[in-house]
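Single-structure report; data block below.
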Amino acid sequence: MTKKDYAKITWPIFFQLISLPQKLTGLMPLLFGFAYAQYAFGRIDWINTLLYFVAQFCVALFVSGFNHVQDFKKAKDSKYLETTNIISYRHLNPKHVIYLMFSFLLIACSIGIILVFRTNLILLFIGGAAIFVAIFYTAGPIPLSRLPLGEMLSGPVEGFGTVFIASFINMPYLPIFCLFIPNGLLI
């Protein structure tokens with residue numbers, strides 16, 4: 001395809017590209033983590049909460065779009081490309097899509113660094129592991145999604161990791177081993 005043959009990414013195409021309905025269900029662990037922090041610790045740091053919400057949403061956008069690009073690049077079935085992969089059947093420029101998705105990842109990582117400064121260094125390691133899984137779930141010669149280990153890594157990262165970080169950012173002065181004990185009591 002030449003540059004003229006590519007379609008523009010309009011809002012309806014963008015919403016389809018990022019799988020918007022799935023993003024809404026993906027907010028549940030995030031909201032659960034915020035609710036847990038309020039219940040167990042009686043406080044919400046609204047700045048950290050807003051920052052993490054935006055970062056988590058950007059990661060979710062990145063993952064969906066990046067998966068579409070990787071599926072497009074690795075697809076061998078022409079029927080799949082014609083009917084299922086949005087990049088192919090909407091005639092989107094894969095380079096533009098990947099640039100857009102990495103923009104979301106850059107925003108998320110930048111916000112993550114801000115949150116590390118607002119909380120503590122533990123968040124850098126937890127967030128870094130989550131970003132690693134997000135990228136390599138579909139990237140590389142053998143993506144994690146193609147391995148039995150893939151779901152075992154992505155499930156806990158998206159489920160437990162999201163809840164943990166959403167809670168952790170709301171109580172930066174507690175030691176990590178106090179995090180999931182209600183009211184911060186040590187047993």
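One-based numbering along the sequence shown.
Rounding to the nearest 0.5 Å places NZ of Lys8 at 13.0 Å from CG of Leu92. Note that CD1 of Ile87 is 13.5 Å distant from NZ of Lys95, once rounded to the nearest 0.5 Å.
Phe32 has its side chain out of reach of Ser167: every pair of non-hydrogen atoms, C-beta onward, lies at least 4.5 Å apart. In this structure, the side chains of Pro156 and Met152 stay at 4.5 Å or more apart for every pair of heavy atoms.
Of the N and O atoms on the side chains of Asn170 and Thr49, at least one donor lies less than 3.5 Å from an acceptor on the other residue.
Counting non-hydrogen atoms of neighbouring residues, nucleotides and ligands closer than 6.0 angstrom, the CG atom of Leu121 exceeds 12 such neighbours.
Remark: Asp71 engages no residue in a side-chain hydrogen bond (donor to acceptor under 3.5 Å, both in side chains) (not counting sequence neighbours). Taking the side chain to side chain contact (heavy atoms under 4.5 Å, CB included) definition, one finds that Leu100 meets it with Ile9, Phe14, Phe104, sequence neighbours left out. Residues satisfying the ring-ring contact (aromatic ring centres under 6.0 Å, His included) test with Phe72, not counting sequence neighbours, are none.
Applying the ring-ring contact (aromatic ring centres under 6.0 Å, His included) test to pairs two or more places apart or on separate chains, those with a residue in residues 115-135 are Phe132-Phe136. Within the structure, side-chain hydrogen bond (donor to acceptor under 3.5 Å, both in side chains) contacts touching residues 10-31 (residues at least two apart or in different chains) are Gln16-Tyr89, Gln16-Arg90, Lys23-Ser64.
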For residues 50-58, dump all side-chain donor-acceptor pairs below 3.5 Å to protein atoms at least two apart in sequence or in another chain.
from  : atom 1 : to    : atom 2 : distance (Å)
Tyr52 : OH     : Gln56 : OE1    : 3.1

